[in-house]
Amino acid sequence: MSQVKLIVSNWKMNLNFIQTRKLINGLKKIKFNSSTTKNIICPQFLLIPLVSELIKKTNILVGAQDCHQNTAGAFTGDTSVELLKKMNCKYVIVGHSERRQYHNETDDIIKQKVDLILSFGIKPIICVGESLKDRKNKKYTKVIKEQLSNCIPFGLNNVIIAYEPIWSIGTGLVPTIEEIVEIHDLTTNFLKKSKKINQLNFLYGGSVNADNFMDIMQNTNINGALIGGSSLKINEMNKILTFC
Ligand code: 13P
């Protein structure tokens, strides 16, 4: 199991150019161990060129929040992975529940995106997670296994999975340590058995802040976090990155 921690900021559709400069300037000042921690920033598309420029010669990496599943073509409003690569994106988040919910992304589309991203030598960060209804009905393990089964290619050397229960995103609700460990174990075992994947980077996402991050990292052996709201706050990021 990889010991490297991935701290992934999902800025979502937030920040203007001035705010971006300010936050990146703050992040640059944070001293963290870059041999064991990767600080990955995923801004909205129009901020990527600026972020990519600002992080040159730093230990910060840039990623994207999505891309199209085709290389190029008549896909109005979409963004190609080829241009993301040109902008130095090393990671792309795929299958976020907000994409599934507001853009009707299916597991099939997500799998196509994953394949394309990998073919460009970029690392996909593949999101899975159940709704509150699935959790209450005790269908969550079935739902997550289905997502893993449908979205992940067979036989990869390693894979990054972000477990983001939909009910925890932006709500302040965080699963218990036992609940996170259960999904981590389920994912590890499922990928080993069904996909012959032995190297997993497992991230947790959903209402992560510095306090619950420390608790989760101390009491599980997961590999990091996918952070929304707190990733916009320099004090939270300072605590998170220096704790790693
Ligand atoms: P919050 O951290 O704001 O709950 O968002 C989580 C998320 O969706 C990250 O991708």
Side-chain angles (χ1 to χ4, degrees), residues 6-28 30 38-56 58-106 109-110 112-114 116-117 120 122-129 160 162 164 166 168-171 203-209 224-238 240-241:
L6 304 182
I7 305 302
V8 186
S9 290
N10 178 5
W11 285 359
K12 307 197 179 183
M13 199 173 72
N14 292 298
L15 304 185
N16 58 30
F17 295 112
I18 294 170
Q19 293 164 329
T20 296
R21 282 181 189 279
K22 195 170 166 216
L23 186 50
I24 294 286
N25 275 340
L27 288 168
K28 278 185 187 173
I30 300 173
K38 289 189 195 295
N39 181 14
I40 302 156
I41 310 295
C42 301
Q44 55 178 311
F45 289 131
L46 277 175
L47 292 176
I48 291 177
L50 174 62
V51 171
S52 187
E53 186 59 36
L54 293 174
I55 61 165
K56 273 188 186 150
T58 73
N59 51 14
I60 303 172
L61 298 164
V62 68
Q65 297 173 14
D66 184 43
C67 66
H68 196 266
Q69 64 272 28
N70 283 284
T71 323
F75 302 106
T76 304
D78 278 307
T79 290
S80 72
V81 68
E82 186 178 0
L83 289 192
L84 295 176
K85 189 174 170 108
K86 287 241 157 41
M87 282 294 128
N88 230 356
C89 288
K90 307 289 185 216
Y91 297 83
V92 179
I93 298 170
V94 224
H96 193 283
S97 59
E98 286 152 14
R99 299 294 311 172
R100 292 178 191 256
Q101 187 181 350
Y102 305 130
H103 297 268
N104 300 320
E105 283 194 13
T106 59
I109 292 172
I110 293 161
Q112 290 175 46
K113 291 186 182 198
V114 170
L116 188 67
I117 293 163
F120 275 82
I122 297 177
K123 294 186 168 71
I125 298 169
I126 306 160
C127 301
V128 298
I160 306 170
E164 296 208 320
I166 299 169
S168 81
I169 296 177
T171 58
L203 315 182
Y204 168 73
S207 295
V208 170
N209 59 33
L226 178 54
I227 310 171
S230 295
S231 74
L232 304 170
K233 299 177 187 159
I234 194 65
N235 290 345
E236 292 291 305
M237 290 309 288
N238 195 355
I240 287 170
L241 285 162

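All of these numbers come straight from a predicted model, not from anything done at the bench.
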### Query
Is any side-chain heavy atom of I55 less than 4.5 Å from a side-chain heavy atom of I41?
no

#### Entry: Residue pair T20 / P43, side-chain heavy-atom distance below 4.5 Å
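The answer is no, as the side chains (C-beta and beyond) never meet within the 4.5 Å cut-off.
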
For [X] and [Y], indicate whether the former's side chain and the latter's backbone hold a donor-acceptor pair under 3.5 Å.
X    : Y    : result
S230 : V208 : yes
H103 : E105 : no
E53  : L50  : no
S168 : S207 : no

Return the [atom1] to [atom2] distance between [X] and [Y], rounded to the nearest 0.5 Å.
X    : Y   : atom1 : atom2 : value
I169 : E98 : CD1   : CD    : 5.5 Å
I109 : N70 : CD1   : CG    : 10.0 Å
L23  : S9  : CG    : OG    : 7.5 Å
N238 : L27 : CG    : CG    : 9.0 Å
I93  : C67 : CD1   : SG    : 11.0 Å
S231 : I40 : OG    : CD1   : 12.5 Å

### Task
Any chance you could lay out the side-chain contact (heavy atoms from CB on, under 4.5 Å) test for L116 and T71, step after step, and finish with the verdict?
CA-CA 8 Å; L116 188 67; T71 323; 3.9 Å; yes

### Task
Could I get the full list of ring-ring contact (aromatic ring centres under 6.0 Å, His included) partners for F45, not counting sequence neighbours?
none

### Query
Does any pair with a residue in residues 81-92 pass side chain to side chain donor-acceptor pair (under 3.5 Å), and if so which ones, sequence neighbours excluded?
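For residues 81-92, and leaving out neighbouring residues, the side chain to side chain donor-acceptor pair (under 3.5 Å) pairs sorted by first residue read N88-K90.
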
If you compare all heavy atoms of [X] against all heavy atoms of [Y], which two are closest, and at what distance to 0.1 Å?
X    : Y    : result
M237 : N39  : CE-OD1, 4.4 Å
D66  : L84  : O-CD1, 3.5 Å
R21  : L54  : NH1-CD2, 3.8 Å
Q112 : Q69  : OE1-CG, 3.4 Å
N10  : L226 : CB-CD1, 4.0 Å
I48  : A64  : CD1-CB, 3.9 Å

### Message
Pairing donors with acceptors under 3.5 angstrom, does anything connect the side chains of H96 and E164?
### Response
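Judged by distance alone, the side chains do pair up.
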
### Task
Check the surroundings of atom NZ in K233: do more than 12 heavy atoms from other residues, nucleotides or ligands lie under 6.0 Å from it?
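No.
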
### Query
Would you find more than 12 non-hydrogen atoms of other residues, nucleotides or ligands less than 6.0 Å from K28 atom NZ?
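Result for NZ/K28: enclosed.
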
### Query
What's the verdict on side-chain contact (heavy atoms from CB on, under 4.5 Å) for L232 and K12, showing C-alpha distance, side-chain angles and the deciding distance?
CA-CA 10 Å; L232 304 170; K12 307 197 179 183; over 6 Å; no

### Message
side-chain contact (heavy atoms from CB on, under 4.5 Å), that's the test. Do E236 and I227 meet it? Break it down for me.
### Response
CA-CA 10 Å; E236 292 291 305; I227 310 171; over 6 Å; no

### Message
Is there a side-chain contact (heavy atoms from CB on, under 4.5 Å) between L61 and K38? Walk through the geometry before answering.
### Response
CA-CA 7 Å; L61 298 164; K38 289 189 195 295; 4.0 Å; yes

